[in-house]
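The structure appears below as structure tokens.
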2 protein chains.
Amino acid sequence: MKEIQDREQLNHYLRAFQLESVFHEPLLPHLSLYGFEQGDLICTQGQAPEYLYVLVNGKIKIYTTSSEGKTLVLSFKTPLEVIGDVEYVRGTPILNTVEAVSSVCMIGIHYRWLHKYGRDHAPLLQFLLEIITQKFYIKSNSLSFNLMHPVEVRLASYLLSVTSDESDSRLEGQQSAVSLSDAANFIGTSYRHLNRVIRQFCIKGLVERDKGVIVVKDRNGLSALAGHNIYEHNRGKGGTRL
Amino acid sequence: MKEIQDREQLNHYLRAFQLESVFHEPLLPHLSLYGFEQGDLICTQGQAPEYLYVLVNGKIKIYTTSSEGKTLVLSFKTPLEVIGDVEYVRGTPILNTVEAVSSVCMIGIHYRWLHKYGRDHAPLLQFLLEIITQKFYIKSNSLSFNLMHPVEVRLASYLLSVTSDESDSRLEGQQSAVSLSDAANFIGTSYRHLNRVIRQFCIKGLVERDKGVIVVKDRNGLSALAGHNIYEHNRGKGGTRL
DNA sequence: ATTGGGAAAGGACATATGTCCTGAATTGGC
DNA sequence: GCCAATTCAGGACATATGTCCTTTCCCAAT
């Protein structure tokens, strides 16, 4: 992580994401811009959090590691997203590890200033409420979905969600996006089993493998399998009502 | 549902749960007390929400039903808890169905007044933030836990969490608390499989069956199985930091 | 070109879990 | 007390998923 001394850039992001009212006058001087390289850990499960981060550029991966060493990828996030919000409100240790999947740019602010100047600042509180309810909503869907559907359906849904916003319909290997074992951990299954299911999909003509890369061939077929259940990872409609 | 015209009682609850600053002067006249009988639906998945409810007495069950008709019980809640908070903030349809498991008493307030008088009221926003982050925290744990552990472990954990706050260590049949099929739906498995695992537990001497009722015999044994992972359903420590 | 390392795919087997169905047990009504 | 209807426990089988290990393939360093 390195701090980016570029007030201009910071202001640009604040404007672009309409955060100017959220971080009002007294908070402004304490905002900084931070850059992370692919693979950098932005925060680590179990540690004491210090900063609230706002993801404004790049892609991050959020995961948890069990005491037995298993990893579960909880989500991939793109802007606008907030890290450390739940911990800020509850005063608890960091819940999940956050890692940069690409180069990442985040706005950071120390809890100290949030407590001091943001505690009663309604726009900030409203912003946090919106972000957190959205997280809750996504996680709630994710929980039900995972518990109620077999891996086959989850994979179909996952493939659709990952490829929908990419230009082409390929699931990249390691370079640009998400590895297969990340995918396995995200779906909550073993790498072995993931391969098994992908094989099935190949036989059915839904996808094709091309040395480590999965290419979606039949979106409609996958969609039928997924049964309209898609992992959400974008801000749904239903705009702010607050 | 029936409205309870008892200002005295309402004020008592407000005091008991320290909600007096949360619902300030302009909101007060619009608070009402509502009673529900066991089995009543407090709100229904997919409908348009109108009221924010605060659970102040009794026990409720929150569940979702998939399009295939499967039911997944997400949680059981006791006071203090809030229903309709996420929907209020996001302006979305009701996410899950909520049902009274015992006689239930809730404070209700129409969204209309929350929007009108509560929108910028920091104590209310802070209260919602605390409640929702807590929900998020619990759901996050629940997701990882369910995805990373087999039914055996989840059941052990469930039995511990359900019996810890009861006077005796029995999992009641249908009358007072939670039915076995609710338990199955909560753990996210089939009734059949639940029985299978219970049978194992009986053989190992961890629990005993007594006509429909499960009696915990060896909490330590269950605890070892659960491996310190306990379903959370109470407000953890880590008090407010806001 | 050669080779060693490591990722990637898949085989073999064990276990976990789901579905369907049957028989026992329980309850409410007469 | 007896019977029908309902609930509950469990058998039999199929499927889903996990673990371990082997094979193949690719690439980098020599």
Side-chain angles (χ1 to χ4, degrees), chain A residues 39 66 68-73 144-158 170-204 206-215 225-227, chain B residues 39 66 68-73 144-158 170-175 177-204 207-215 225-227:
Chain A
S66 72
E68 301 91 28
K70 278 190 193 170
T71 295
L72 179 67
V73 174
S144 337
F145 189 55
N146 281 309
L147 247 49
M148 300 212 270
H149 301 280
V151 168
E152 185 186 45
V153 175
R154 285 183 259 161
L155 176 60
S157 166
Y158 173 73
R170 333 186 111 233
L171 178 57
E172 302 296 338
Q174 73 262 49
Q175 26 247 22
S176 87
V178 172
S179 76
L180 265 196
S181 64
D182 269 351
N185 288 332
F186 179 67
I187 292 171
T189 189
S190 61
Y191 178 75
R192 175 65 191 93
H193 190 56
L194 182 67
N195 262 316
R196 199 155 19 208
V197 177
I198 290 177
R199 214 166 125 77
Q200 307 264 333
F201 282 12
C202 286
I203 294 171
K204 292 185 196 167
L206 296 171
V207 305
E208 273 181 16
R209 307 189 88 119
D210 181 22
K211 35 182 176 176
V213 176
I214 306 295
V215 184
L225 235 178
Chain B
S66 73
E68 301 91 28
K70 277 190 194 171
T71 295
L72 179 67
V73 174
S144 336
F145 188 57
N146 280 308
L147 247 49
M148 299 212 271
H149 300 280
V151 169
E152 185 186 45
V153 175
R154 286 183 259 158
L155 175 60
S157 167
Y158 173 73
R170 332 185 112 233
L171 178 57
E172 300 296 339
Q174 73 263 48
Q175 27 247 24
V178 171
S179 75
L180 265 195
S181 63
D182 269 351
N185 289 331
F186 179 66
I187 291 171
T189 190
S190 62
Y191 177 75
R192 176 65 191 93
H193 190 57
L194 182 68
N195 263 314
R196 197 156 18 210
V197 178
I198 290 177
R199 215 168 124 78
Q200 307 264 332
F201 282 12
C202 286
I203 293 171
K204 292 185 196 166
V207 306
E208 273 181 16
R209 302 190 93 119
D210 180 22
K211 35 182 177 176
V213 176
I214 306 295
V215 184
L225 235 177

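- Comparing dG10(C), dT19(C), dA9(D) by their nearest atom to the side chain of R209(A) picks out dG10(C).
- Spacing between atom CZ of F201(A) and atom P of dA9(C) amounts to 15 Å, rounded to whole angstrom units.
- Not a single ring-ring contact (aromatic ring centres under 6.0 Å, His included) links F201(A) to another residue, sequence neighbours left out.
- Axis angle across the helix from dA1(C)-dT30(D) to dC30(C)-dG1(D), with five pairs used at each end and values rounded to 10°: 30°.
- Considering only residues two or more places apart in sequence or on other chains, H149(B) meets the ring-ring contact (aromatic ring centres under 6.0 Å, His included) condition with F145(B).
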Pick out the pairs of N or O atoms, protein on one side and nucleotides 11-17 of chain D on the other, that lie under 3.5 Å.
unit_1: dG11(D); atom_1: N7; unit_2: R192(B); atom_2: NE; d: 3.4
unit_1: dG11(D); atom_1: N7; unit_2: R192(B); atom_2: NH2; d: 3.0
unit_1: dG11(D); atom_1: O6; unit_2: R192(B); atom_2: NE; d: 2.7
unit_1: dT17(D); atom_1: OP1; unit_2: V151(A); atom_2: N; d: 3.1
unit_1: dT17(D); atom_1: OP2; unit_2: V151(A); atom_2: N; d: 3.3
unit_1: dT17(D); atom_1: OP2; unit_2: H193(A); atom_2: NE2; d: 3.1
unit_1: dT17(D); atom_1: O5'; unit_2: H193(A); atom_2: NE2; d: 3.4

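- Applying the side-chain contact (heavy atoms from CB on, under 4.5 Å) test to S190(A) and every residue at least two apart in sequence or in another chain returns R192(A), H193(A).
- Distance, L194(B) CG to dC8(D) C1': 12 Å, rounded to whole Å.
- At whole-Å resolution of the value, OH in Y191(A) and C1' in dG10(C) are 10 Å apart.
- Residues satisfying the side-chain hydrogen bond (donor to acceptor under 3.5 Å, both in side chains) test with R209(B), not counting sequence neighbours, are N195(B).
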_If you apply the rule side chain to side chain contact (heavy atoms under 4.5 Å, CB included), what do you find for Q200(A) with I203(A), and how did you get there?_
CA-CA 5 Å; Q200(A) 307 264 333; I203(A) 294 171; 5.7 Å; no

*Might you work through the side chain to side chain contact (heavy atoms under 4.5 Å, CB included) test for I198(B) and L180(B), ending with a clear yes or no?*
CA-CA 10 Å; I198(B) 290 177; L180(B) 265 195; 4.0 Å; yes

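- Among residues at least two apart or in separate chains, salt bridge (Lys or Arg N to Asp or Glu O under 4.0 Å) pairs with a member in residues 195-204 of chain A are E152(A)-K204(A).
- Scanning for side-chain hydrogen bond (donor to acceptor under 3.5 Å, both in side chains) contacts around T71(B) gives an empty result, with sequence neighbours left out.
- As a whole-Å value, the separation of N195(A) CG from dT22(D) P is 18 Å.
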